[in-house]
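Some notes on the structure that comes next.
Position 1 is the first residue of the sequence; numbering continues from there. Here the structure is a predicted model, which is why all the values come from computation and not from measurement.
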Amino acid sequence: ASSVLGDLPEEVVELHTRRGPAVADLWYAWQVFALGVPWAFAAARRAVRQSLFGLGLDFRASLRGLRRRPALIVVSISSLALGSGLVTAAATVVNGAWYAPLPWAGAERMVDLADTHPTEVSPTTELGTSTRAFETWRTSLPGGLFERLEAYARTWLPLRIEGGPAASVRVVRATVGYAELMEFEPVVGRLLHPADTEVGAEAVAVLSHQLWQAGFGGTTDVIGRTLTVDGVEHTVVGVLRPDVRRLDEAEVLLPLGPAGAGASFDQRGVSVLGVLADGVSVEAADAALDALASGMFAGAEELSPGWSAAVTPLRTVVARGGIPPAGAMALLMLSLVVLMVAALNLGSLLLARTTTRTREFGVRAAMGAGMAHVARASLMDGLILSGAGGLLGLGVVVVARDAALARFGAEIPGWASFPIDLRVLVAAAVGTTLAALVVGLFPVLRAVAIGRRAGLARAATGHSRG
């Protein structure tokens with residue numbers, strides 16, 4: 001400190017006499033700041049350079065030692081790559097199910113509207129609602145809450161193509177705007193029109209690309225041909241593109257007609273999809289729907305007391321349908337346990353290598369190296385092997401993900417995506433770091449014990465000489 005401040009104390013005393021204490025103290029503080037900050041930065045840079053130099057030496061020493069044990073390298077990196085790959089794969093699946101953006105424009109404002117009951121319906125069960133309730137919500141909810149409300153009902157129905165054998169297929173009946181909301185585009189023909197939902201209109205159907213290929217051979221003259229769904233003949237008016245991303249995963253799209261005169265509120269099975277207006281929160285929309293539905297259902301003789309309805313973000317609804325929260329946590333914990341077991345086994349193997357370095361650590365301690373330096377040198381093997389295993393595991397997951405999507409793309413929900421984004425990379429980095437610490441635990445404890453013995457021996461030698 002004296003080398004930095006120099007003659008400042010004498011100068012501040014002189015200034016104190018000539019200009020007063022306030023000016024002298026202010027001048028002294030400024031001079032200390034102007035001189036001390038560059039000095040502190042220079043000292044920090046020197047410390048960083050020395051640390052990096054020491055890390056480089058330890059890194060090269062560990063590489064030289066590991067190169068003499070190729071079998072250890074292969075076994076270590078392979079086992080850690082398996083564990084790290086499992087953690088990364090689990091994080092990718094959970095991220096895709098719970099956090100990755102949905103593939104539709106404005107998906108962050110999409111919500112699900114469904115009936116609820118405090119005792120008859122589980123909070124995680126998506127019950128849907130009735131066509132009658134949907135039509136009432138569409139006309140009676142306060143304006144400005146939703147940009148639009150659409151509905152769709154999924155079911156399995158028997159289908160027969162032009163007199164062929166009957167087969168059970170997934171069918172969705174939907175409002176006209178549902179196809180637009182899901183960004184459906186036809187490759188042949190058209191989508192549903194408002195006239196298709198009117199009473200007495202011709203029964204029409206829009207086919208999935210897969211059913212078009214399998215049932216009609218992909219011919220472009222499919223428009224106008226017929227198929228029978230649940231005993232009713234329908235005319236084909238369109239075919240969807242093969243790359244549409246959809247919630248329903250249906251093979252046939254039919255128009256959802258109006259509720260009949262005898263429709264009741266307990267005839268559920270309709271899913272309602274809404275888009276919140278700009279600036280409207282889920283909580284505000286939920287409160288408005290709860291107020292409307294509670295009064296509406298209270299007067300329905302077919303319903304028991306307590307029925308209402310709730311608004312839930314669509315992202316939450318589809319995540320629950322993919323992987324429940326408990327399942328997601330169990331998947332991550334299981335993969336982490338596998339990684340930790342692999343790291344513990346590897347740590348036991350590296351313990352033998354640490355024992356062979358007794359002389360090296362003893363020399364380091366005898367030359368004045370602190371326990372932190374000895375521990376860092378021992379930990380470097382684990383850092384190198386864990387880093388290599390983590391990178392290999394990440395690469396395997398990327399390749400395996402692409403292969404799985406290509407192989408099982410038809411079975412994966414259309415809304416799902418599995419990006420290797422920042423969340424996945426952070427999870428992989430955390431897993432790799434934990435593995436490195438576990439791998440290095442036993443070797444570090446052994447190295448520190450060796451260093452302490454060497455330090456005690458040096459102290460004893462110096463004391464006897466004294």
Side-chain angles (χ1 to χ4, degrees), residues 103-104 128 130-131 134 150-263 267-273 321 405-416:
W104 307 290
S130 62
T131 305
F134 162 67
E150 306 295 343
Y152 62 100
R154 295 171 286 190
T155 186
W156 288 81
L157 293 176
L159 178 141
R160 188 187 304 272
I161 298 177
E162 296 182 337
S168 182
V169 300
R170 290 172 293 189
V171 175
V172 61
R173 299 182 184 274
T175 55
V176 174
Y178 170 77
E180 179 184 350
L181 191 59
M182 292 288 98
E183 301 175 356
F184 290 173
E185 293 183 7
V187 67
V188 177
R190 64 173 176 85
L191 299 176
L192 299 177
H193 285 171
D196 297 330
T197 63
E198 296 177 358
V199 177
E202 179 186 17
V204 297
V206 178
L207 308 182
S208 70
H209 195 274
Q210 182 179 359
L211 181 60
W212 176 47
Q213 294 288 337
F216 293 93
T219 58
T220 55
D221 63 350
V222 66
I223 305 302
R225 296 172 69 174
T226 60
L227 49 79
T228 302
V229 180
D230 198 23
V232 178
E233 189 174 84
H234 290 68
T235 301
V236 177
V237 296
V239 176
L240 297 179
R241 292 172 56 90
D243 56 350
V244 294
R245 309 295 296 273
R246 53 197 304 174
L247 280 170
D248 53 78
E249 304 302 321
E251 301 293 338
V252 181
L253 173 63
L254 306 178
L256 178 66
Q267 294 174 334
R268 299 182 181 88
V270 174
S271 298
V272 178
L273 189 60
L405 291 176
R407 173 65 179 83
F408 303 106
E411 286 75 30
I412 297 174
W415 56 264

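Side chains of Arg154 and Ser271 form a contact here, defined as non-hydrogen atoms less than 4.5 Å apart. Under the 4.5 Å side-chain criterion, counting only non-hydrogen atoms from C-beta, Leu159 is in contact with Val252. Here the side chains of Glu180 and Glu183 are not in contact, with every heavy-atom distance at 4.5 Å or above. Between Leu240 and His209 the shortest side-chain heavy-atom distance does not fall below 4.5 Å.
Nearest heavy atoms, Trp156 versus Arg170: CZ2-CG, 3.1 Å. In this structure, Ala201 and Ala195 approach most closely via the heavy-atom pair CB-O, 3.2 Å. Contact detail for Val199 and Pro258: the closest heavy-atom pair is CG2-CG, 4.3 Å. Contact detail for Ile223 and Gly238: the closest heavy-atom pair is CD1-N, 3.6 Å. In plain terms, the two heavy atoms of Ile161 and Gly215 that are nearest each other are CD1-CA, 3.6 Å. Heavy-atom minimum distance, Ala179 versus Leu191: CB-CD1, 4.1 Å.
A donor-acceptor contact closer than 3.5 angstrom links the side chains of Glu202 and Thr235. Side-chain contact of Glu251 with Ser208: a donor-acceptor pair under 3.5 Å is present, judged by distance alone. In this structure, a donor-acceptor pair under 3.5 Å is absent between the side chains of Thr228 and Glu233.
A distance of 10.5 Å separates CG in Leu253 from NE2 in His234, rounded to the nearest 0.5 Å. With values rounded to the nearest 0.5 angstrom, Leu181 atom CG is found 8.5 Å from Trp104 atom CH2.
The residue from Asp221, Val239, Leu227, Val188 that alone fulfils the side chain to side chain contact (heavy atoms under 4.5 Å, CB included) condition with Phe216 is Leu227. For the pairing with Leu192, the side chain to side chain contact (heavy atoms under 4.5 Å, CB included) check across Thr197, Val204, Leu256, Thr175 returns one residue only, Val204.
Between Asp230 and Arg160, none of the side-chain N atoms (NZ, or NE/NH1/NH2) sits under 4.0 Å from a carboxylate O, so this pair counts as no salt bridge.
Within a 6.0 Å radius of CZ in Arg241, other residues, nucleotides and ligands contribute 12 heavy atoms or fewer.
A donor-acceptor pair is defined here as one N or O able to donate and one able to accept, closer than 3.5 Å; such a pair exists between the side chain of Trp212 and the backbone of Thr219.
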